[in-house]
Amino acid sequence: MLQCCCLCQLRPEACGASAPRFSCPAVIHRSVPNISRTRAGTVVRAARESDPGANLARDFSKFVNEKGAPPPLHNRRPSHLLPPTAAIAAQLDALQLNDWPDRAAGIQTAFLFSKPYGCEEMVTGPSLPSHARSWHGKEEWLSLEEFTSMLHSQDYKPLINCESWQATSPMVFPSTRVGTKAVQAVQVTSQPSAGMTSAKRSHTFTFCLEHVTQGPYKGCWMTVGLRVGDYANM
């Protein structure tokens, strides 16, 4: 008896009892190049090669890999899971790559890690506080624009796009209220000034942190000051 078609083999009820059965030819599988995909890939590659932004991202990734720098997007916001050492590292890593992934993204990260105004009385934490504590160590609250101007001042400018940084003291908890305040000294190596042939310079700073005990930032270590010099190894 002749074999039925492939459809009828899958669904016998589709055939009548008296319907003639025909055999279907064997299916030959052949690899055919996907011309549309090949052409699309060529177009995409050509677009990428001609896109300055793609080239810049590629070159930056190559630079980061050659320098062995850590991933720049880790810990961009304060968290109760971060110890004080990690809070300091997050700010310095961000400032070292200040314009990655967006312009002045490092300064914004430092602003987010600075104690927000009235954070203990907040119900929920805003995505970006309106004002944060000045790093000059006094009871002063700055907008992001004012905070940016402060970081571009003579005292703090070496932090921005610095060559490297390292901690030069252990984390010190000087407060009698154990665990609520902490300080750590760091050494920052700045980049030579544009158009200058002077050697790189080292700068010492001391981070002053405070542990927030209530509100949406409860458990977070926030910066309340950055002093020029080493005040942790005294």
Side-chain angles (χ1 to χ4, degrees), residues 69-98 106-126 128-142 144 146-147 150-151 153 155-160 162-190 202-234:
L73 297 181
H74 286 182
N75 305 328
R76 283 285 186 170
R77 302 185 68 87
S79 168
H80 66 281
L81 300 176
L82 296 179
T85 50
I88 292 174
Q91 296 172 77
L92 290 173
D93 286 345
L95 289 170
Q96 188 176 7
L97 301 173
N98 185 50
I107 292 177
Q108 180 167 308
T109 296
F111 181 77
L112 290 172
F113 273 91
S114 299
K115 186 178 180 181
Y117 176 75
C119 63
E120 292 90 350
E121 287 75 37
M122 292 179 181
V123 178
T124 59
L128 184 68
S130 60
H131 291 76
R133 181 72 176 263
S134 167
W135 283 8
H136 287 302
K138 53 187 177 181
E139 196 76 15
E140 183 180 13
W141 306 93
L142 307 178
L144 177 58
E146 293 167 333
F147 189 86
M150 178 196 70
L151 278 181
S153 66
D155 286 344
Y156 300 129
K157 195 172 183 179
L159 297 167
I160 299 176
C162 62
E163 173 72 19
S164 62
W165 70 270
Q166 63 178 351
T168 55
S169 81
M171 188 64 63
V172 180
F173 301 89
S175 176
T176 54
R177 296 176 60 189
V178 178
T180 58
K181 297 187 184 299
V183 296
Q184 186 177 40
V186 298
Q187 186 179 66
V188 174
T189 302
S190 62
S202 293
H203 309 262
T204 302
F205 300 92
T206 300
F207 271 89
C208 304
L209 305 182
E210 185 176 312
H211 194 236
V212 180
T213 57
Q214 62 184 32
Y217 292 91
K218 181 178 180 180
C220 296
W221 285 97
M222 312 295 291
T223 303
V224 294
L226 182 65
R227 303 182 66 180
V228 178
D230 185 348
Y231 294 90
N233 288 306
M234 298 178 64

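What you see is a predicted model; the values in this text were computed from it and never measured.
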Subject >> Audit row: Val186, Gln166, side chain to side chain contact (heavy atoms under 4.5 Å, CB included) steps and yes/no >> reply: CA-CA 6 Å; Val186 298; Gln166 63 178 351; over 6 Å; no
Original post:
Say you draw a straight line from OG of Ser114 to CE of Met222; how long is it, rounded to the nearest 0.5 Å?
Top reply: 7.0 Å
Original post:
Would a distance-only check, ignoring hydrogens and angles, find a side-chain to backbone donor-acceptor pair under 3.5 Å from Thr223 to Gly225?
Top reply: no
**OP:** Find the distance between OG (Ser202) and CD (Gln187) and round it off to the nearest 0.5 Å.
**Re:** 4.0 Å
Original post:
Going from OG1 on Thr85 to CG on Leu209, what distance comes out if it is rounded to the nearest 0.5 angstrom?
Top reply: 9.5 Å
Original post:
Is there a side-chain contact between Leu92 and Ile88 (heavy atoms, below 4.5 Å)?
Top reply: yes
Subject >> Audit row: His131, Leu142, side chain to side chain contact (heavy atoms under 4.5 Å, CB included) steps and yes/no >> reply: CA-CA 5 Å; His131 291 76; Leu142 307 178; 5.6 Å; no
Subject >> From Met234 atom CE to Thr206 atom OG1, the distance as rounded to the nearest 0.5 Å >> reply: 9.0 Å
Original post:
Is Asn98 reaching over with its side chain to a backbone N or O of Ile107, donor-acceptor style, under 3.5 angstrom?
Top reply: yes
**OP:** In sequence, state the C-alpha distance, the side-chain angles, and the governing distance for Trp135 and Asp155, and then conclude on side-chain hydrogen bond (donor to acceptor under 3.5 Å, both in side chains).
**Re:** CA-CA 10 Å; Trp135 283 8; Asp155 286 344; over 6 Å; no
Subject >> Sub-4.5 Å side-chain heavy-atom contact between Trp165 and Asp93 >> reply: yes
Original post:
Less than 6.0 Å separating the ring centroids of Trp221 and Phe113?
Top reply: no
Original post:
Counting only N and O atoms by type, is there a donor-acceptor contact under 3.5 Å from the side chain of Thr180 to the main-chain atoms of His211?
Top reply: no
Original post:
To the nearest 0.5 Å, how far apart are CD in Glu120 and OG1 in Thr213?
Top reply: 6.5 Å
Original post:
Under 4.5 Å between any side-chain heavy atoms of Pro129 and Tyr117, yes or no?
Top reply: no
**OP:** Kindly determine whether Leu226 and Leu159 satisfy side chain to side chain contact (heavy atoms under 4.5 Å, CB included), including the steps that lead there.
**Re:** CA-CA 11 Å; Leu226 182 65; Leu159 297 167; 3.5 Å; yes
Original post:
Is there a side-chain contact between Lys181 and Phe173 (heavy atoms, below 4.5 Å)?
Top reply: no
Original post:
Is the closest basic N to carboxylate O distance between Lys115 and Glu210 below 4.0 Å?
Top reply: yes
**OP:** Check whether any side-chain N or O of Ser190 sits under 3.5 Å from a backbone N or O of Cys162 as a donor-acceptor pair, and report yes or no.
**Re:** no
Original post:
Could you go step by step and tell me if Arg76 and Thr109 meet the side-chain hydrogen bond (donor to acceptor under 3.5 Å, both in side chains) rule?
Top reply: CA-CA 6 Å; Arg76 283 285 186 170; Thr109 296; 2.9 Å; yes
Original post:
Going by an N to O cut-off under 4.0 Å, is there a salt bridge joining Glu139 and Arg133?
Top reply: yes
Original post:
Is there a side-chain contact between Phe207 and Val183, using heavy atoms and a 4.5 Å cut-off?
Top reply: no
Original post:
Any chance the rings of His136 and Tyr156 have centres within less than 6.0 Å?
Top reply: yes
Original post:
How long is the span from the CG atom in Leu128 to the CZ atom in Arg77, to the nearest 0.5 Å?
Top reply: 7.5 Å
Original post:
With sequence neighbours left out, what residues match Ser169 under side-chain contact (heavy atoms from CB on, under 4.5 Å)?
Top reply: Gln184, Ala185, Ala232, Asn233
